[in-house]
2 protein chains.
Amino acid sequence: MTAPPTERTPTLADVARRAGVSTATVSRCLNTPDRVIEETRNRVLQAVRDLGYSPNFGARALAAKRTNTIGAVIPTMENAIFARGLQAFQEELRLKGITLLVASSSYRADLEEEQIRTLVARGADGLFLIGAHRDPALYDFLNRRGIPTLVAWVHDPNAPVPTIGFDNHSAMLDLARRVIADGHRHIGVISAEQAGNDRARARVAAIRAAMDEAGLDPDALSLVETAYGIDEGAAAFEALMQRTPRPTVVMCGNDVLAVGAMGRAKEMGYDVPGDVSITGFDDIELAKVCSPGLTTVHVPHRQMGTRAARALISMVSEGTPGQGQRLDTRVVLRGSLGPPRA
Amino acid sequence: MTAPPTERTPTLADVARRAGVSTATVSRCLNTPDRVIEETRNRVLQAVRDLGYSPNFGARALAAKRTNTIGAVIPTMENAIFARGLQAFQEELRLKGITLLVASSSYRADLEEEQIRTLVARGADGLFLIGAHRDPALYDFLNRRGIPTLVAWVHDPNAPVPTIGFDNHSAMLDLARRVIADGHRHIGVISAEQAGNDRARARVAAIRAAMDEAGLDPDALSLVETAYGIDEGAAAFEALMQRTPRPTVVMCGNDVLAVGAMGRAKEMGYDVPGDVSITGFDDIELAKVCSPGLTTVHVPHRQMGTRAARALISMVSEGTPGQGQRLDTRVVLRGSLGPPRA
DNA sequence: TCGTCAAATGTAAGCGCTTACATTGCTAGG
DNA sequence: CCTAGCAATGTAAGCGCTTACATTTGACGA
């Protein structure tokens with residue numbers, strides 16, 4: 001990067017001149033090679049190589065009115081929860097020659113909207129979002145613009161766009177039933193912020209439902225809401241354990257919070273699950289690695305990403321309305337859950 | 001997304017018409033507002049709002065020859081190693097109104113090159129890459145195109161572009177010295193693939209150097225190279241422990257491999273660090289959470305991201321050549337390292 | 001041999017925006 | 001009262017590409 005300015009970036013016209021053809025022919029070589037006779041094509045491709053030409057994306061998008069790009073907005077890149085699903089999503093797109101643009105919203109609706117608009121302005125042919133709950137005006141905007149949009153991480157047949165994911169409520173219900181069956185009566189819950197987060201709300205509601213079902217008072221549930229992160233989980237756990245009655249189990253809205261809670265439990269000298277059980281949600285790698293292993297809900301992240309990619313691709317290329325899918329989750333029992341001490 | 005086709009996306013010209021001004025004035029309102037008198041500006045902004053206008057990125061890039069976009073290619077998104085630094089990088093860019101485009105290369109040089117070219121074609125004003133080692137022709141290409149490029153995760157004053165990172169060799173040297181001082185003589189190493197990965201190479205070389213220093217035979221080092229991942233770390237660990245002489249410590253090229261190794265150690269019934277010590281590199285969250293805690297090298301990820309962003313921004317906007325920086329690492333001692341059993 | 005038609009290629013009109021330059025309408029000094 | 005000079009705005013030329021349409025070429029049937 002030392003050299004003074006630089007040489008001019010070669011354009012289609014340069015290639016055309018060098019190959020002795022028109023710009024249209026060069027364009028065809030690149031986009032519809034079979035519409036150009038082989039000899040000409042070779043000459044053009046050679047010129048492309050000689051010049052180190054690569055097409056200008058903006059110009060291409062402008063002229064062709066599509067970008068072969070799909071945009072994704074995820075709440076955070078800072079950990080594995082979305083990474084695995086997104087990776088699978090991207091791999092599937094790559095197979096079809098589609099580029100993925102990723103932005104993160106830090107779990108903030110206003111930033112998400114900003115990112116969505118940025119992606120739309122950049123010409124994303126389709127959009128991949130997490131969670132179905134957002135301002136109807138936003139859906140409206142996407143609809144008017146004709147941007148195919150797909151939501152993952154939840155499954156909700158009533159959402160305004162196709163959703164590919166799992167039923168957060170029934171997934172957490174399974175786990176909560178199991179916890180109650182183990183004999184727990186004082187349940188602490190560490191949830192992500194529920195405002196604007198339909199996954200978090202559904203999960204908490206499911207725990208209440210399970211308590212209700214079992215004849216426990218759902219209001220006896222001891223809840224702490226907190227931001228995302230290991231440290232936040234730890235702090236929330238500490239707060240919870242100081243309440244009366246002290247919970248015998250702490251159910252966390254996701255594995256990251258749970259791992260934080262478990263770490264703090266050890267620091268505070270609690271035995272897990274002897275003194276207090278801890279559960280998570282997601283089954284990310286962290287859950288297997290900590291000790292005791294974390295009892296959690298397994299979510300088929302990669303499958304979700306792959307299917308979402310396929311569905312979105314067909315929405316974009318065939319203009320079909322798109323079909324939601326419900327995936328199954330399952331409770332994974334590991335050492336962190338046990339019966340309360342008598 | 002039910003509606004039939006859709007209304008046409010509003011353009012600058014639509015806004016201009018509605019506000020009763022020329023397209024140039026609208027453009028100025030958006031880009032250099034102080035060159036337009038307030039009354040006119042208000043009228044234009046109102047029209048923008050009424051129409052829900054947002055500028056077409058491609059057209060803008062085409063006309064203005066810059067995109068306010070910086071591209072990054074990282075080896076993987078699947079875990080926390082690059083996530084934290086990248087997040088900090090992005091936050092800093094956002095402050096200046098610059099968009100970040102992220103692509104991942106799966107640790108493959110050919111994919112990295114492809115991604116770089118894609119980003120360049122998309123008009124990235126600057127590039128952020130991991131590790132300094134790559135085909136000189138690629139650096140040459142970037143140089144000819146005049147794309148300011150910055151490398152992070154290593155510091156190497158001799159690299160063809162500015163590097164902001166740490167000295168992988170001396171960082172690992174510190175840790176290896178410590179390991180040897182603890183009395184270990186049979187050292188196993190689990191490294192990421194060294195080909196094309198200067199960080200991995202430097203780290204392994206540093207362990208050899210420390211052994212040499214201590215009068216041990218550097219060739220006695222027992223090495224396994226493996227792909228990235230917890231499972232891969234586990235498998236490598238198992239292989240290492242079957243060799244003779246059996247290592248009393250397994251030093252891993254990064255925390256993810258180390259956590260995999262530790263998991264397998266437990267499964268195999270080894271006590272850590274009683275039977276075998278394990279060390280990592282990076283100090284990601286995982287390292288704190290597993291038990292025993294992982295002895296590792298702390299890398300100032302966020303600081304690295306923030307500084308890289310500032311440096312790259314000034315390279316892009318001021319056209320300065322850019323200045324590398326060396327950051328400090330430190331060994332973090334946790335429970336996973338102890339003296340070998342007598 | 002000629003006409004027909006399809007394949008190969010060329011011509012040129014935009015796509016939506018920025019910006020150099022031209023124009024307009026004031027203000028203020030002479 | 002004229003005009004230089006400046007601020008506000010308008011005009012229009014591209015930016016690099018795709019693609020509808022026009023043209024050329026050559027193979028083939030009659």
Side-chain angles (χ1 to χ4, degrees), chain A residues 7-45 47-48 51-69 117-118 120-125 145-146, chain B residues 7-45 47-48 51-69 117-118 120-125 145-146:
Chain A
E7 74 197 37
R8 195 175 55 81
T9 302
T11 72
L12 237 213
D14 296 325
V15 176
R17 203 170 307 122
R18 184 175 238 267
V21 298
S22 74
T23 59
T25 299
V26 177
S27 176
R28 278 189 284 257
C29 280
L30 268 27
N31 298 303
T32 50
D34 41 312
R35 302 187 44 55
V36 174
I37 208 169
E38 182 169 352
E39 189 213 316
T40 315
R41 198 188 325 142
N42 291 148
R43 200 147 32 94
V44 170
L45 294 180
V48 166
L51 261 34
Y53 168 79
S54 80
N56 176 303
F57 171 79
R60 189 173 234 188
L62 191 53
K65 298 174 177 314
R66 56 183 158 59
T67 57
N68 283 316
T69 292
R117 290 185 187 275
T118 302
V120 168
R122 293 186 90 92
D125 294 334
R145 282 282 205 280
Chain B
E7 72 197 38
R8 196 176 54 82
T9 303
T11 71
L12 236 213
D14 296 326
V15 176
R17 204 169 308 123
R18 183 176 241 266
V21 297
S22 72
T23 59
T25 299
V26 177
S27 176
R28 278 189 285 257
C29 279
L30 268 26
N31 299 302
T32 50
D34 41 312
R35 302 185 44 56
V36 174
I37 207 168
E38 181 169 352
E39 191 212 318
T40 315
R41 198 191 321 144
N42 292 149
R43 202 149 29 97
V44 169
L45 294 181
V48 165
L51 263 34
Y53 167 79
S54 80
N56 176 303
F57 172 78
R60 188 174 237 184
L62 191 53
K65 297 173 177 315
R66 58 183 155 59
T67 58
N68 282 315
T69 292
R117 290 185 187 273
T118 302
V120 168
R122 291 187 93 91
D125 295 334
R145 281 283 203 279

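What's counted below: heavy atoms across the whole structure, side chains too, no hydrogens, waters or symmetry copies.
- Taking atom CZ on B:Arg35 and atom C1' on D:dG10, their separation rounds to 13 Å, with Å as the unit.
- Phosphate contact (OP1/OP2 of C:dA8, side-chain N/O of A:Thr40, threshold under 4.0 Å): absent.
- When rounded to the nearest whole Å, the span between CG of B:Leu30 and P of C:dC17 equals 9 Å.
- When the P atom of D:dG16 is taken as reference, atom CG of A:Asn31 falls 17 Å away, rounded to whole Å.
- For B:Thr23, taking side-chain heavy atoms from C-beta onward, the closest of the listed nucleotides D:dT19, C:dT18, D:dG16 is C:dT18.
- Interatomic distance, CG of A:Leu12 versus CG of A:Leu51, reported as 11.0 Å (0.5 Å rounding).
- B:Arg41 has its CZ atom 14 Å from the C1' atom of D:dT9, to the nearest Å.
- Residue-level contact check: A:Tyr53 touches the backbone only, with heavy atoms under 4.0 Å from sugar-phosphate atoms and none from bases.
- Between A:Arg43 atom CZ and C:dG10 atom C1' there is a gap of 13 Å when expressed in whole angstrom units.
- Rounded to whole Å, the distance from CD on B:Glu38 to P on D:dA7 is 18 Å.
- Among the atoms of the strands shown, only primed sugar atoms or phosphate atoms (P, OP1, OP2) are found under 4.0 Å from some heavy atom of B:Ala64.
- The 5' end of DNA chain D is approached more closely, in terms of each residue's nearest nucleotide, by A:Gly58 than by the other of A:Arg28 and A:Gly58.
- With rounding to whole Å, A:Phe57 atom CZ is found 14 Å from C:dC15 atom C1'.
- In terms of phosphate contacts, A:Ser22 brings a side-chain nitrogen or oxygen within less than 4.0 Å of OP1 or OP2 of C:dG10.
- Screening residues 32-43 of chain A for side-chain hydrogen bond (donor to acceptor under 3.5 Å, both in side chains), with sequence neighbours left out, gives no hits.
- Considering OG1 of B:Thr9 and NZ of A:Lys65, their distance stands at 8.5 Å, rounded to 0.5 Å.
- Atom-to-atom distance recorded for A:Asp14:CG and A:Arg18:CZ is 10.0 Å, nearest 0.5 angstrom.
- Neither side chain, A:Asn68 nor A:Arg60, offers a donor N or O lying under 3.5 Å from an acceptor on the other.
- A:Leu30 CG to A:Tyr53 OH: the interatomic distance, rounded to the nearest 0.5 Å, is 6.0 Å.
- When the side-chain nitrogen and oxygen atoms of B:Arg60 are compared with OP1 and OP2 of C:dT18, one or more of them lie within a distance under 4.0 Å.
- Atom CG of A:Leu12 and atom P of C:dC15 are 19 Å apart (whole Å).
- Comparing C:dT9, C:dC15, D:dT11 by their nearest atom to the side chain of A:Leu62 picks out C:dC15.
- With D:dA8, C:dC17, C:dA12 as the choices, the nucleotide that has an atom nearest any side-chain atom of B:Ile37 turns out to be D:dA8.
- At a threshold of 4.0 angstrom between heavy atoms, the contacts of B:Thr11 are confined to the sugar-phosphate backbone, with no base atom among them.
- Candidate nucleotides D:dT18, C:dC17, D:dG16 were compared by shortest atom distance to the side chain of B:Asn56, and C:dC17 ranks first.
- Comparing D:dG10, C:dT19, D:dC15 by their closest approach to the side chain of B:Ala63 singles out D:dC15.
- Projected onto DNA chain D by closest heavy-atom contact, B:Asp34 and B:Ala59 fall at different nucleotides, the more 5' of which corresponds to B:Asp34.
- Side-chain proximity of B:Arg66 to the nucleotides C:dT19, D:dG16, D:dG14 is greatest for C:dT19.
- For D:dG10, one of the phosphate oxygens OP1 or OP2 lies less than 4.0 angstrom from a side-chain nitrogen or oxygen of B:Thr25.
- Side chain of B:Lys65, nearest nucleotide from C:dT9, D:dC17, D:dC15: D:dC15.
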